[in-house]
K.L.:
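Below you'll find the structure I mean.
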Amino acid sequence: MKYDFKSIEEKSQSLWDKIDLYKVNRDQNKPKYYVLDMFPYPSGAGLHVGHPLGYIASDIFSRYKRMKGFNVLHPMGYDAFGLPAEEYALATGIHPAVSTAENMKRYKTQLSSLGFSFDWSRELATCDPKYYKWTQWIFTQLFDHYYNLKTDKAESISSLIQIFNSEGNAHIEAATEQETVFTAEEWQAMSAKQRSDILMNYRLAYQKIGYVNWCEELGTVLANDQVKDGVSERGGYPVVQKPMTQWYLRITAYAERLLNGLDNIDWSDSLKTIQRNWIGRSEGASVFFDIKGHDDQIEIFTTRPDTIFGATYMVLAPEHDLVKAITPESHKAEVEKYVAYVQSKSEIERMAEKKITGAFTGAYAVHPFTVEHIPIWIGEYVLKDYGTGAIMAVPSDDERDNAFAQKFGLSIIDVVDKTEYPEAGMHDKVGKMINSSILNGLEVKDAIEKICKELESRGIGKKEVNYKLRDAGFSRQRYWGEPFPIIYNSEGLAEALPLESLPLELPATDDFKPGKGGRSPLSRLENWVKLPDGYYRETDIMPAVAGSSWYYLRYMDPHNEEAFASKENIDYWQDVDLYVGGSEHAVAHLMYARFWHKFLYDNNLVPTEEPFKKLVNQGMIQGVIEFIFLEKNNAQKTFVSAELINEENEDQYARIPVHIDFVSDYGSTDSYLNNEGIEAFLTWRPEFKGAIFKSPTAVYPGNNDIQIMTLSEVGKMSKSKFNVVNPESVVDNYGADTFRMYEMFLGPIEQSKPWDTKGIEGVSKFIRKFWGLFFEDDKLMVSDEAPTKEEMKILHQAIKKVTEDIEKFSFNTAVSALMICVNELRKLNCNKRDVLLPLVQLIAPFAPYTSDELWSQLGQADSIHVSDFPEFNAEYMVEDSFEYPICVNGKKRFLRSFPADFGKEEIEAEVLSLEELTKWIEGKNVIKTIVVPKRMVNVVVK
RNA sequence: GCCCGAGUGGUGGAAUUGGUAGACACGCAGGACUUAAAAUCCUGUGGCCUUUGGGCCGUGCGGGUUCAAGUCCCGCCUCGGGUACCA
């Protein structure tokens, strides 16, 4: 029988579908195992070859666990809200709900063709009102809770109000930005607005002013992704940072628990480190500085309070609230100019900026100890959202402060003598204090202690723990997302909708353009926004991370209408045992999901503190990205050929990605756009209509044989990079099993690599050879003869290696172990049933279609996927000798076999008497001989 | 800039975690089958030198530790991911 993957796949698939092979229910007789993939965003470009990398790995693992006797939950769904569908709607008028539904359909078709063992009855989509009802409900719960630092958990706002009523807020310890203290009487006397404002400072979902990327020309707020080199990716218009009132989630309340929780989960060290750094816990002190001639004070945070006597100036973030107030007339122009410059840059650009920039405000602060007047500057290296947005600058002990002081001629006072620590760098907390009045002579550590006490006793500062982690901006001025379940009364005070009013469905519209002043498209829908009695709705929507922060819980009970999932189901499935997904989600999604989970835990809604016990990062399958260069600040849109770009003029150009289909020789250093490519590009991006293209020798329009060189990079395969490769054609040509094994064979699962189909022939050949073991002249030919010792050894070697490799997610080496096994059995012409039957089971998780077909051809009744995984038996592996490499001074010289039960001394004696050795040790002294049993022998000579 | 990865033949990668560098594949070369090609099968394949016994060099670069380094330490370079509104 010929290996015909098409008919095999159809046959197996229809059988699986018929008996609902992968449907799973609670089963108290089996241990549960929950394998989860990061669900995909259903992009218009379709599933690309990078998605399945993780899905195949998790599917192999699921199938393996199932064969090992576990009740495996392995679901799939869609992260269906998001910006691309909305951008697509803006361009085409097609409603995001329509395009998203189509994309999901396509994804499902694509996923179904790859032989995954998903329980499709649990499929979910975050844009489904039945789903986002609960996303909204969790949001209302966050709105209705605050974080009590005494009990270290979330508690209800109503319990907080009770305390306010009985004793004010003096004894409350909460995660809050509420600074003023009030009594019960004061609270009771407050207006509804005042109370609401105070409660906002406590809620876990709250409002404050934040900055958005505002593009005046497009009249819209842009995602960071849509801003390139300081201009809008679409059209190349200027973008500035604009303040807007927005919703935030108080994730910072959970900073300490998010940090500590990392110790108890099985994630890679690198991923944990990323999260630890992201949380960025640092101990230090906050200090208040008076401002000369003003009542206000500047609060700073420093990790080095000991160096306070070296503080020679201060720097505020350019957006700091006090900048306007303290800047005298004489310096207004300069300060405003600088602030405008900074607001034209994104945060990344600011942090990456190598140039030292800043402006003097003209104001002075009063040093709390020396009482000297020190100048207050603003500078982009101080970020508004980190710490207090203000620093005391100590140029002697901080590199950036030092560079700043050098550049602007500010004074530097050495305060730490490091002569006793010649190895120590500027940032190491060691040395003796000098020039520091009361701290002189103290070690840094002691100085920190002393100065903190001093600050506290003088009431001008205190010890403090600060986190780099910031509260999560949760508002989007967009359409395609969950509407906030929030209404405002006639006074503008926010109220959460009760569960009975949920879901608050996203209203239908066919106009996705932004509202006035950058507000969301929903703000145009007056009938929806306006409610009786002067009430009106929140018009922002939630970000895509909302839906993905809890979806793993919904799979446990996806159709429940009474709760986000029933207690029974949550108690049975508990948490995710294995989570597979890209490391690009290392902070955003994984941090938010952990935060929501802990919040739900505080409310006794989930039984575990952490959602994902074990996490494996799959690397990215990368693609080629092609860019062309657009001149910034030029009304006549002008693209120039890449060879005209150099380091000096680079920042005058924006990189605009081009669809790889338009680019000739894409992926090479000589990639270029010719006339057809330019025309295709202009049709594709009509906003660049009328643009001109310059190469060193020609100009478009005008020349007919222009070559605009493009810049090629390797990077993420993504619709926004226009470089997506789909799996369909590969599956059509080689079959799903070959595709699966090839993606695994490409390399370690966690490593990123560019997509390339070179080499798929090898895997295809392997499957056909494997199939060939069972057939002779197209007829099934399997012998019932007992296998030889050698055959059993080959089989069990493979069982051992494959089992170990699956357990440690080393699928590429598992595939090569299977290849070796098949090659060796072929050499022996082995067709013994007792070898082939376990071999098919061994391959089953990797090649589910082919193995199930062979299984049934061998006369087995049920699907192979409900059979048992073969067990390794060490008996077949016993070796009676081992071939040692004999090294001289660490270099291998020859090989020699010794009986496996030889001890170190026996081997050493034998080796030293070997004739082959004489030539290497002649005229030299043997100093020692190192024997590592079952490894190697090294003779050291001099 | 900061944080996290990665760098091994022409290519993807392997190496029991300090112990035979290059498993398994792709590609290439030669051969068998064929009128021919494809498919299939066999052989060879890191570089340099060679008296054909073998020798020397070799895991991004420069140092170091060790009997022994792809693996550990120090200092760099290049590429990728993240950098809080792509998901």
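Proteins come first, then strands; the chains are lettered A, B, ... in the order of their sequence lines, and each starts at number 1. Values reported hereafter were calculated over all heavy atoms of this structure, with side chains retained and with hydrogens, waters and symmetry mates removed.
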K.L.:
NA contact type, Pro40(A), heavy-atom cut-off 4.0 Å: base, sugar-phosphate, or nothing?
P.N.:
nothing
K.L.:
Would you say Asn889(A)'s side chain and Val941(A)'s backbone share a donor-acceptor pair under 3.5 angstrom?
P.N.:
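Yes: the side chain of Asn889(A) pairs with the backbone of Val941(A).
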K.L.:
Taking the chi torsion of G31(B), is it syn (within 90° of 0) or anti (everything else)?
P.N.:
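That one's anti.
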K.L.:
Assess the pair Phe81(A) and Tyr132(A): is the distance between their ring centroids shorter than 6.0 Å?
P.N.:
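Phe81(A) vs Tyr132(A): aromatic centres under 6.0 Å.
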K.L.:
Residues in ring-ring contact (aromatic ring centres under 6.0 Å, His included) with Tyr254(A), at least two apart?
P.N.:
Tyr147(A), Phe595(A)
K.L.:
Give each protein N/O atom lying under 3.5 Å from an N/O atom of nucleotides 43-45 of chain B, with the pair distance.
P.N.:
none

K.L.:
For Leu222(A) and C85(B), what is the distance between atoms CG and C1' respectively, to the nearest whole Å?
P.N.:
10 Å
K.L.:
Quick one about Ser548(A) and Asp79(A) (side-chain donor to acceptor, distance below 3.5 Å, no hydrogens or angles considered), yes or no?
P.N.:
no
K.L.:
Can you tell me whether the base of U17(B) sits syn or anti, using the 90° cut around 0 to define syn?
P.N.:
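Classified syn.
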K.L.:
Can you tell which of U40(B), C4(B), G13(B) lies closest to the side chain of Arg768(A)?
P.N.:
U40(B)
K.L.:
For A25(B) versus C33(B), give the span between their C1' atoms, rounded off to a whole number of Å.
P.N.:
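That atom pair is separated by 25 Å.
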K.L.:
Just the table, please: protein N/O against nucleotides 23-27 of chain B N/O, every pair under 3.5 Å.
P.N.:
{"unit_1": "A25(B)", "atom_1": "OP1", "unit_2": "Asn823(A)", "atom_2": "ND2", "d": "2.3"}
{"unit_1": "C26(B)", "atom_1": "OP1", "unit_2": "Lys765(A)", "atom_2": "NZ", "d": "3.0"}
{"unit_1": "C26(B)", "atom_1": "O2'", "unit_2": "Gly759(A)", "atom_2": "N", "d": "3.4"}

K.L.:
May I have the distance from Leu262(A) (atom CG) to C3(B) (atom P), rounded to whole angstrom?
P.N.:
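That distance rounds to 18 Å.
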K.L.:
In whole angstrom, what separates Leu383(A)'s CG from G1(B)'s C1'?
P.N.:
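Rounded to whole Å, this separation is 11 Å.
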K.L.:
So, Gln477(A) side chain and Val221(A) main chain: donor-acceptor pair closer than 3.5 Å or not?
P.N.:
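No.
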K.L.:
Which part of the nucleic acid does Ser475(A) contact within heavy-atom distance under 4.0 Å: base, sugar-phosphate only, or nothing?
P.N.:
base
K.L.:
Would you say Lys934(A)'s side chain and Tyr884(A)'s backbone share a donor-acceptor pair under 3.5 angstrom?
P.N.:
no
K.L.:
What integer number of Å spans the P atoms of G58(B) and G10(B)?
P.N.:
16 Å
K.L.:
What distance, rounded to whole Å, do you find between the two C1' atoms, one in U35(B) and one in G46(B)?
P.N.:
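After rounding to an integer number of Å, I get 40 Å for this pair.
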K.L.:
Hey, are Gln797(A) and Glu824(A) close enough side-chain-wise for a donor-acceptor pair under 3.5 Å?
P.N.:
no
K.L.:
Have Arg768(A) and Ser764(A) got a donor and an acceptor in their side chains that come within less than 3.5 Å?
P.N.:
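On atom types as modelled, these side chains qualify, holding a pair under 3.5 Å.
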K.L.:
Would you tabulate the pairs of protein nitrogen or oxygen atoms and nucleotide nitrogen or oxygen atoms of nucleotides 47-56 of chain B closer than 3.5 angstrom?
P.N.:
{"unit_1": "C56(B)", "atom_1": "OP2", "unit_2": "Arg893(A)", "atom_2": "NH1", "d": "3.2"}

K.L.:
So, OP1 or OP2 of G13(B): does either fall under 4.0 Å of a side-chain N or O from Gln751(A)?
P.N.:
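It does, given that an N or O in the side chain of Gln751(A) lies less than 4.0 Å from OP1 or OP2 of G13(B).
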K.L.:
Pairs in or reaching into residues 272-281 of chain A: which pass side-chain hydrogen bond (donor to acceptor under 3.5 Å, both in side chains), with residues at least two apart or in two chains?
P.N.:
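For residues 272-281 of chain A: Glu256(A)-Arg281(A), Asp263(A)-Arg276(A), Gln275(A)-Arg594(A), Arg281(A)-Glu283(A).
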K.L.:
Treating a pair as Watson-Crick (purine N1 to pyrimidine N3 plus N6-O4 or O6-N4) or G-U wobble (N1-O2 and O6-N3) with both distances under 3.5 Å, list the stems of 3 or more consecutive pairs that involve RNA chain B.
P.N.:
B:1-7 with B:77-83, B:10-12 with B:24-26, B:27-32 with B:40-45, B:46-49 with B:54-57, B:60-64 with B:72-76
K.L.:
Rounded to whole Å, how long is the line connecting atom NZ of Lys892(A) with atom C1' of G22(B)?
P.N.:
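The answer, rounded to whole Å, is 12 Å.
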K.L.:
To the nearest Å, how far apart are Glu879(A) CD and U16(B) P?
P.N.:
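So the CD-P distance, Glu879(A) to U16(B), works out to 19 Å.
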K.L.:
Take atom P in U11(B) and the same atom in G27(B), then report the distance between them in whole Å.
P.N.:
15 Å
K.L.:
From CG of Asn103(A) over to P of A87(B), roughly how many Å is that when rounded to an integer?
P.N.:
14 Å
K.L.:
Under 3.5 Å, which donor-acceptor pairs link side chains of residues 207-214 of chain A to any protein atom two or more places apart or in another chain?
P.N.:
{"unit_1": "Gln207(A)", "atom_1": "NE2", "unit_2": "Tyr488(A)", "atom_2": "OH", "d": "2.9"}
{"unit_1": "Asn213(A)", "atom_1": "OD1", "unit_2": "Gln241(A)", "atom_2": "NE2", "d": "2.9"}
{"unit_1": "Asn213(A)", "atom_1": "ND2", "unit_2": "Leu222(A)", "atom_2": "O", "d": "3.1"}
{"unit_1": "Asn213(A)", "atom_1": "ND2", "unit_2": "Asn224(A)", "atom_2": "OD1", "d": "2.8"}
{"unit_1": "Trp214(A)", "atom_1": "NE1", "unit_2": "Glu216(A)", "atom_2": "OE1", "d": "3.0"}

K.L.:
What's the gap between C61(B) and U71(B) when it is taken at their P atoms, as a whole Å value?
P.N.:
11 Å
K.L.:
Using only heavy-atom distances, determine whether the side chains of Thr813(A) and Asp805(A) contain a donor-acceptor pair under 3.5 Å.
P.N.:
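The answer is yes; a qualifying pair exists.
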K.L.:
Report yes or no: is the cationic atom of Arg250(A) (NZ for Lys, CZ for Arg) under 6.0 Å from the centre of the six-membered ring of Tyr206(A), at an angle within 45° of the ring normal?
P.N.:
yes
K.L.:
So, Gln343(A) versus Glu319(A): side-chain donor-acceptor pair below 3.5 Å or not?
P.N.:
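No, Glu319(A) and Gln343(A) have no side-chain donor paired with an acceptor closer than 3.5 Å.
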K.L.:
Among residues at least two apart in sequence or on other chains, which ones pass ring-ring contact (aromatic ring centres under 6.0 Å, His included) with Phe404(A)?
P.N.:
Tyr313(A), Trp377(A), Tyr381(A), Phe408(A)
K.L.:
Test of understanding: with salt bridge (Lys or Arg N to Asp or Glu O under 4.0 Å), list the residues that count as partners of Lys228(A), not counting sequence neighbours.
P.N.:
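Glu233(A).
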K.L.:
Please work out if Leu895(A) contacts a base, only the sugar-phosphate, or nothing of the nucleic acid, heavy-atom cut-off 4.0 Å.
P.N.:
base
K.L.:
What contact category does Arg826(A) fall into here, base, sugar-phosphate, or nothing, at under 4.0 angstrom with non-hydrogen atoms?
P.N.:
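Sugar-phosphate contact only.
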K.L.:
To the nearest Å, give me how far apart NE2 (His48(A)) and C1' (C86(B)) are.
P.N.:
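From His48(A) NE2 to C86(B) C1': 12 Å.
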K.L.:
In whole Å, measure the gap between the P atoms of U16(B) and C85(B) for me.
P.N.:
42 Å
K.L.:
Output yes when a side-chain donor or acceptor of His659(A) lies under 3.5 Å from a complementary backbone atom of Asn723(A), and no otherwise.
P.N.:
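No; judged by distance alone, with no hydrogens or angles, the pair does not exist.
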K.L.:
Take atom P in U78(B) and the same atom in A87(B), then report the distance between them in whole Å.
P.N.:
32 Å
K.L.:
Assign Glu804(A) to base, sugar-phosphate, or nothing according to its heavy-atom contacts below 4.0 angstrom with the strands shown.
P.N.:
nothing
K.L.:
Under the rule for side-chain contact (heavy atoms from CB on, under 4.5 Å), what residues qualify as partners of Phe745(A), not counting sequence neighbours?
P.N.:
Val763(A), Val815(A), Ser816(A), Met819(A)
K.L.:
In whole angstroms, how far is the P atom of A87(B) from the CG atom of Leu83(A)?
P.N.:
6 Å
K.L.:
For G47(B), decide between syn and anti, treating a glycosidic angle within 90° of 0 as syn.
P.N.:
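Anti, since the glycosidic angle lies more than 90° from 0.
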K.L.:
Side-chain contact test, heavy atoms from C-beta onward, threshold under 4.5 Å: evaluate it for Val937(A) versus Ile907(A) and give yes or no.
P.N.:
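Answer yes - side chains close enough.
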K.L.:
Donor-acceptor pair under 3.5 Å: do we get one between Gln275(A)'s side chain and the base of C3(B)?
P.N.:
no
K.L.:
Pick the P atom in U50(B) and in G60(B), then give their distance to the nearest Å.
P.N.:
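Between the two P atoms, the distance is 29 Å.
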K.L.:
Would you give a per-nucleotide map of nucleotides 66-84 of chain B, 5' to 3', where B means the base has a protein non-hydrogen atom under 4.0 Å away, S means only the sugar-phosphate does, and - means neither?
P.N.:
-BS-----------SSSBB
K.L.:
Report the residues that fulfil ring-ring contact (aromatic ring centres under 6.0 Å, His included) with His585(A), sequence neighbours left out, ordered by chain and then residue number.
P.N.:
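For His585(A) there are no ring-ring contact (aromatic ring centres under 6.0 Å, His included) partners, ignoring immediate neighbours.
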